[in-house]
Amino acid sequence: TALQARITATDALGNSSSQTVTIPVNNVDELAPVFNSVGTGQLIYEGQSQVIVYNANAFDTGDGTDTLITYTLDTAYEQSAEFSINTSNGVVTLLNAVTVAQFSEMKFKVVATDTAGNSAERVVTCAVSLTPDTAAPIITSSNTADSIVEGSGAGQTIYTAVATDN
């Protein structure tokens, strides 16, 4: 972008000359990135480690500079030190296993910074839960029911199912 100005110089006798001057204007990025990822991370199960819990995503605010965004964690905030972040794509990973006794939830702060040094922050919360029971119950009773006499009536117990759920 450039501006143009017409300059006129006039001497004491009234003689004048004019010239057009072009002034280049450099666009300066003065706006912070904007997060379009929410502030809630994945549920963390007790005993998990090295799992992806969040994907930070921010964009430049359209001030014409279209800069690269770099992601970091504010390690002084809450449990941020328990996580790592990929600086180029914003993927956040839980470093070590945790228990519900340690944390019922974990919070960290992601900082998105553009190449001009403008930054924005997003606090993210991940709930911590007991490891889910994903095993199906096991039926331990026989696969054969007691026989009944045809027409002998309703309300008879013909089978008792037994199962265990470890």
Side-chain angles (χ1 to χ4, degrees), residues 1-7 19-143 159-166:
T1 307
L3 299 174
Q4 289 190 336
R6 182 121 178 111
I7 308 297
Q19 178 178 327
T20 301
V21 177
T22 300
I23 306 164
V25 178
N26 295 326
N27 189 11
V28 177
D29 183 355
E30 52 205 17
L31 301 174
V34 174
F35 279 92
N36 56 4
S37 52
V38 297
T40 304
Q42 297 294 317
L43 179 64
I44 298 170
Y45 288 111
E46 207 172 43
Q48 286 183 314
S49 66
Q50 298 299 317
V51 293
I52 295 171
V53 296
Y54 189 69
N55 189 357
N57 194 322
F59 61 93
D60 197 21
T61 53
D63 57 0
T65 57
D66 195 27
T67 63
L68 177 69
I69 305 294
T70 302
Y71 301 95
T72 56
L73 291 173
D74 177 354
T75 56
Y77 183 82
E78 300 276 332
Q79 294 86 35
S80 291
E82 300 288 330
F83 300 89
S84 67
I85 191 165
N86 181 308
T87 58
S88 61
N89 67 17
V91 171
V92 179
T93 303
L94 175 66
L95 295 174
N96 299 303
V98 295
T99 65
V100 174
Q102 290 174 290
F103 306 104
S104 61
E105 67 179 20
M106 298 182 79
K107 292 183 179 183
F108 54 90
K109 186 184 291 183
V110 177
V111 180
T113 307
D114 64 20
T115 53
N118 303 306
S119 63
E121 299 176 343
R122 168 75 66 184
V123 172
V124 179
T125 303
C126 295
V128 178
S129 179
L130 295 172
T131 303
D133 180 5
T134 58
I138 300 170
I139 298 172
T140 57
S141 54
S142 166
N143 62 356
Y159 184 78
T160 300
V162 179
T164 59
D165 188 13
N166 298 328

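Predicted model only: the values in this text are computed from it and were never measured.
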Measure the spacing between [atom1] of [X] and [atom2] of [Y] and express it to the nearest 0.5 Å.
| X | Y | atom1 | atom2 | result |
| --- | --- | --- | --- | --- |
| T115 | D60 | OG1 | CG | 7.5 Å |
| T72 | N86 | OG1 | CG | 12.0 Å |
| T113 | N118 | OG1 | CG | 8.5 Å |
| T164 | I138 | OG1 | CD1 | 5.0 Å |

| request: Anything under 30° is parallel, anything over 60° is perpendicular, the rest tilted; go ahead and classify F83 against F108. | output: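 Rings of F83 and F108: tilted, 30 to 60°.
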| field | Within 6.0 angstrom of I139 CD1, more than 12 heavy atoms from elsewhere | value |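 Not more than 12 within 6.0 Å, no.
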| Does CG in L95 sit with more than 12 non-hydrogen atoms of other residues, nucleotides or ligands closer than 6.0 Å? |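 It does: L95 CG has more than 12 such atoms within range.
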Contacts table for residues 122-129: side-chain donor-acceptor under 3.5 angstrom, sequence neighbours left out:
unit_1: R122; atom_1: NE; unit_2: S37; atom_2: O; d: 3.3
unit_1: R122; atom_1: NH2; unit_2: S37; atom_2: O; d: 3.3

State, to 0.1 Å, how close [X] and [Y] come at their nearest heavy-atom pair, and which atoms those are.
| X | Y | result |
| --- | --- | --- |
| A97 | S49 | N-CB, 3.4 Å |
| N57 | N36 | O-OD1, 2.7 Å |
| S141 | T160 | CB-O, 3.7 Å |
| S80 | L73 | O-CD1, 3.8 Å |
| Y71 | S88 | CE1-O, 4.0 Å |
| I52 | Q42 | O-CG, 4.1 Å |

| query | Partners of T20 by side chain to side chain donor-acceptor pair (under 3.5 Å), sequence neighbours excluded? | reply |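 Only R6 meet the side chain to side chain donor-acceptor pair (under 3.5 Å) criterion with T20.
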| query | Listed by chain and number, what are the side chain to side chain donor-acceptor pair (under 3.5 Å) partners of N89, not counting sequence neighbours? | reply |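 Per chain and number, N89 pairs via side chain to side chain donor-acceptor pair (under 3.5 Å) with no residue.
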| Under the ring-ring contact (aromatic ring centres under 6.0 Å, His included) test, residues paired with F35 that sit two or more places apart |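 So F35 forms no ring-ring contact (aromatic ring centres under 6.0 Å, His included) with any residue.
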| query | Would you find a donor on one side and an acceptor on the other, under 3.5 Å apart, between the side chain of T140 and the backbone of V162? | reply |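 Looks like yes, one N/O pair under 3.5 Å.
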| message | Any side-chain to backbone donor/acceptor pair from Y159 onto N143? Under 3.5 Å, distance only. | response |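 No: the side chain of Y159 does not pair with the backbone of N143.
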| query | Is any side-chain heavy atom of F59 less than 4.5 Å from a side-chain heavy atom of I69? | reply |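 No - every pair of side-chain heavy atoms lies 4.5 Å or more apart.
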| Considering only heavy atoms from C-beta outward, does the side chain of I44 approach that of V53 to under 4.5 Å? |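 They are in side-chain contact.
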| field | Pairs meeting criterion salt bridge (charged side-chain N to carboxylate O under 4.0 Å, His left out) with involvement of residues 35-44, two or more places apart | value |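 Every candidate salt bridge (charged side-chain N to carboxylate O under 4.0 Å, His left out) pair involving residues 35-44 fails, so no pair, neighbours aside, qualifies.
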| Could you give all pairs that pass the salt bridge (charged side-chain N to carboxylate O under 4.0 Å, His left out) test and reach residues 86-112, with sequence neighbours left out? |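 Qualifying pairs, neighbours excluded: D74-K109, E105-K107, K109-E121.
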